[in-house]
A.B. asks: 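I'd like to ask some things about the structure below.
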There are 2 protein chains.
Amino acid sequence: MGEFELIRNFFAAAPCAQGGEGVALGIGDDCALLDVPFGEQLAISTDTLVAGVHFADPCDPFLLGQRSLAVAASDLAAMGATPLAFTLALTLPTVEADWLEAYARGLNLMAQACGLRLIGGDTTRGSLCLTLTVFGRVPAGQALTRSGARSGDLLCVGGELGNAAGALPLVLGQRTAEPMISEPLLTHYWSPQPQLALGQALRGKATSALDISDGLLADCGHIALASKAGLVIELDRVPVSLALEEFLGDSGAQQAALSGGDDYVLAFTLPALELPTLLADGWPIHVIGRVVEGQGVTLLDADGSDITPAVRGYQHFHA
Amino acid sequence: MGEFELIRNFFAAAPCAQGGEGVALGIGDDCALLDVPFGEQLAISTDTLVAGVHFADPCDPFLLGQRSLAVAASDLAAMGATPLAFTLALTLPTVEADWLEAYARGLNLMAQACGLRLIGGDTTRGSLCLTLTVFGRVPAGQALTRSGARSGDLLCVGGELGNAAGALPLVLGQRTAEPMISEPLLTHYWSPQPQLALGQALRGKATSALDISDGLLADCGHIALASKAGLVIELDRVPVSLALEEFLGDSGAQQAALSGGDDYVLAFTLPALELPTLLADGWPIHVIGRVVEGQGVTLLDADGSDITPAVRGYQHFHA
């Protein structure tokens, strides 16, 4: 039995690989088998993380295990899907038991938090690279796409933005900060919490949604383009954390919130009449703007002045 | 728009990315959406190919496009699944338009031959590496697994074995051969034909199945282990091609058929009473042995003598 076959057995024995709802057949055969309930559709998303490109190499394998699955699961949240399962394609330069054990532990923790089961994958030798494919189920016709935003809808996000971008100089060892600042930022970077419950709560209510991975402006540009509408963002309403403001200052924090990536917070559009019930139910919803006729993304300052052209790199994002 | 986003758009416009049966939402949103008919299950398999490990680097991108999808689709054949869709996670060191165009052309050709639609994926920068995840549907409870072989069943394969292993010295440029020999071998290596129709024909008939990727002996060991049964193979019955015999001689051809990998031909077990109808329907089925009480794989020569221990590397494959 080769060492890569041993790794397959190692993952097959992981807690997150044990069966569960919707998994008819897990690891060990030519295919896994999923049951999709009648009247539901299967949502599928694939994400690749390359060492040295998407994460520092070397990095803590436990944290990588958490992050690699969270990033993929966030796409299920963005569709309003209920998590079912995932596959892991793991390419490794060498087989190190400690590394694998720690990676699997982080993966397993996030899998349990998300309600995802490992049902298959592949293990190969090469430069460190991970491809995770996640599966969820969603009532037919109720998935949250990017294309339904309508003029008059509110533009909302599910939490504070910019923390992961703010964490980057800490992750790369370029800066240090006291724990009160560094810990919340690093936690957000390494263990983003996919907003799966919020995504499901938005089914039948939000008119469009996505998870912010490329930065707020870029991702709002995606909604605007897909929905053939304009989005107006009021800069003052964009939520940022105290830790981020302390670390980067007001202007730096705003920049991170607008253009930094890796937030994995939901952005969505919502008819105004849906808002009160969702807020009353305690969902963390911040209204940051509105949908208008037109196209692209417009950014307003506190006075209502259009500061779009002044935001560096904005042109790049303009639909 | 970055060059990797351009690639995503390039694949989104590929013929194989255009909608079709079962695909409710394709490339371009956070997730793709698949419809799974009532009473059916979704079959899923993931395969990674790493440059320099699973294929020579550089290699012909058109041929790689064909082969990368065929290898993955063969797992759907092994489960008796009807192909639906696939995702492509493509990691590239550099963006070269010619390479991408040729790769997409090969991919598209195999996708059309298999009835698979490209519904999503990821495109990243790094060492050349491809992870394909394929999706098929199969009536609930009718998937062909590895675990149902029963004593008394016939052991069968769906075609000649060893051609891909025989092609390897040609692929690597270590040997040459006249076209009558090299062409069929190289075709088998670069464009394996997943036995999707045969797999579907075996639903409700075969008691176990897989596709031969690790070599006949190793893969029969997988069936034996999963089914808690023994498999007896009669060496004389193992089909090999004339081209392979010409190229490697009788003994070399047998060795390639027994231990060479990458055949992507189905191996399966079948109650004897199912055989006549399948043969009458014209399916390419070769009976090569039988299932017995016990465990592991036993190899018999023409006289019925057990030559298992004499086959090099056999211990590696036992159970």
Side-chain angles (χ1 to χ4, degrees), chain A residues 1 24-25 28-36 38-54 74-79 81 85 87-91 119-127 129 131 133-136 138 140-141 143-147 209-211 226 316, chain B residues 1 24-25 28-36 38-54 74-79 81 85 87-91 119-127 129 131 133-136 138 140-141 143-147 209-211 226 316:
Chain A
M1 187 183 288
L25 185 66
D29 218 298
D30 293 286
C31 290
L33 293 172
L34 285 186
D35 287 316
V36 180
F38 180 62
E40 305 217 358
Q41 294 174 312
L42 195 81
I44 300 166
S45 179
T46 292
D47 278 285
T48 298
L49 299 179
V50 180
V53 178
H54 301 97
S74 184
D75 285 315
L76 294 178
M79 297 298 277
T87 61
L88 167 67
L90 181 58
T91 303
I119 56 166
D122 202 356
T123 316
T124 51
R125 184 187 299 278
S127 303
C129 178
T131 295
T133 303
V134 291
F135 306 99
V138 62
L144 307 173
T145 67
R146 301 175 172 191
S147 58
L210 49 62
D211 63 319
H316 175 69
Chain B
M1 187 182 287
L25 185 66
D29 218 298
D30 293 286
C31 291
L33 294 172
L34 284 186
D35 288 315
V36 180
F38 180 64
E40 306 218 358
Q41 294 174 312
L42 196 81
I44 300 166
S45 179
T46 292
D47 279 283
T48 298
L49 299 180
V50 180
V53 177
H54 301 97
S74 184
D75 284 316
L76 294 179
M79 296 298 276
T87 61
L88 168 66
L90 181 58
T91 304
I119 56 166
D122 201 356
T123 316
T124 52
R125 184 186 299 277
S127 303
C129 177
T131 295
T133 303
V134 292
F135 306 100
V138 62
L144 307 173
T145 68
R146 300 176 172 191
S147 58
L210 49 62
D211 63 318
H316 176 68

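Just so it is clear: chains get the letters A, B, ... in the order the sequence lines come, proteins before strands, and each one is counted from 1.
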A.B. asks: Would you call A:I44 and B:I119 a side-chain contact if the rule is heavy atoms closer than 4.5 Å?
C.D. replies: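 A side-chain contact under 4.5 Å exists here.
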
A.B. asks: Less than 4.5 Å to any heavy atom of chain B: does that hold for the side chain of A:T87, its backbone, both, or neither?
C.D. replies: side chain

A.B. asks: Indicate yes or no: at least one non-hydrogen side-chain atom of A:M79 is less than 4.5 angstrom from one of B:L33.
C.D. replies: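 Heavy-atom side-chain distance check passes, below 4.5 Å.
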
A.B. asks: Below 4.5 Å from any heavy atom of chain B, which atoms of A:T133 appear? Answer side chain, backbone, both or neither.
C.D. replies: side chain

A.B. asks: Which heavy atom in A:D30 sits nearest to a heavy atom in B:A209, and how many Å separate them?
C.D. replies: OD2-O, 3.5 Å

A.B. asks: Looking at OG1 of A:T91 and NE2 of B:H54, how far apart are the two atoms once the value is rounded to the nearest 0.5 Å?
C.D. replies: 8.0 Å

A.B. asks: Who passes salt bridge (Lys or Arg N to Asp or Glu O under 4.0 Å) against A:D211, sequence neighbours left out?
C.D. replies: none

A.B. asks: Under the criterion side chain to side chain contact (heavy atoms under 4.5 Å, CB included), which of B:V138, B:T46, B:L76 is the partner of A:C31?
C.D. replies: B:L76

A.B. asks: Please determine, among A:A81, A:G141, A:S45, the option with the most heavy-atom pairs under 4.5 Å with chain B.
C.D. replies: A:S45

A.B. asks: Report the residues that fulfil salt bridge (Lys or Arg N to Asp or Glu O under 4.0 Å) with B:D75, sequence neighbours left out, ordered by chain and then residue number.
C.D. replies: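 Once residues adjacent in sequence are excluded, B:D75 has no partner under the salt bridge (Lys or Arg N to Asp or Glu O under 4.0 Å) criterion.
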
A.B. asks: For the atom pair CG (A:D122) and OG1 (B:T48), what is the distance rounded to the nearest 0.5 Å?
C.D. replies: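 Going from CG on A:D122 over to OG1 on B:T48, the span is 4.5 Å.
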
A.B. asks: Shorter than 4.5 Å, heavy atoms on both sides: which option in A:V50, A:D29, A:T131 has the most such pairs with chain B?
C.D. replies: A:D29

A.B. asks: For the interface with chain B, which of A:T124, A:V36, A:V134 has the highest count of heavy-atom pairs at distances below 4.5 Å?
C.D. replies: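 Among A:T124, A:V36, A:V134, the one with the most close pairs to chain B is A:T124.
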
A.B. asks: Report yes if the side chains of A:L25 and B:Q41 come closer than 4.5 Å at any heavy-atom pair, otherwise no.
C.D. replies: no

A.B. asks: In terms of heavy-atom pairs under 4.5 Å, which option from A:A43, A:A78, A:A51 contacts chain B the most?
C.D. replies: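 Most heavy-atom pairs under 4.5 Å with chain B: A:A43.
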
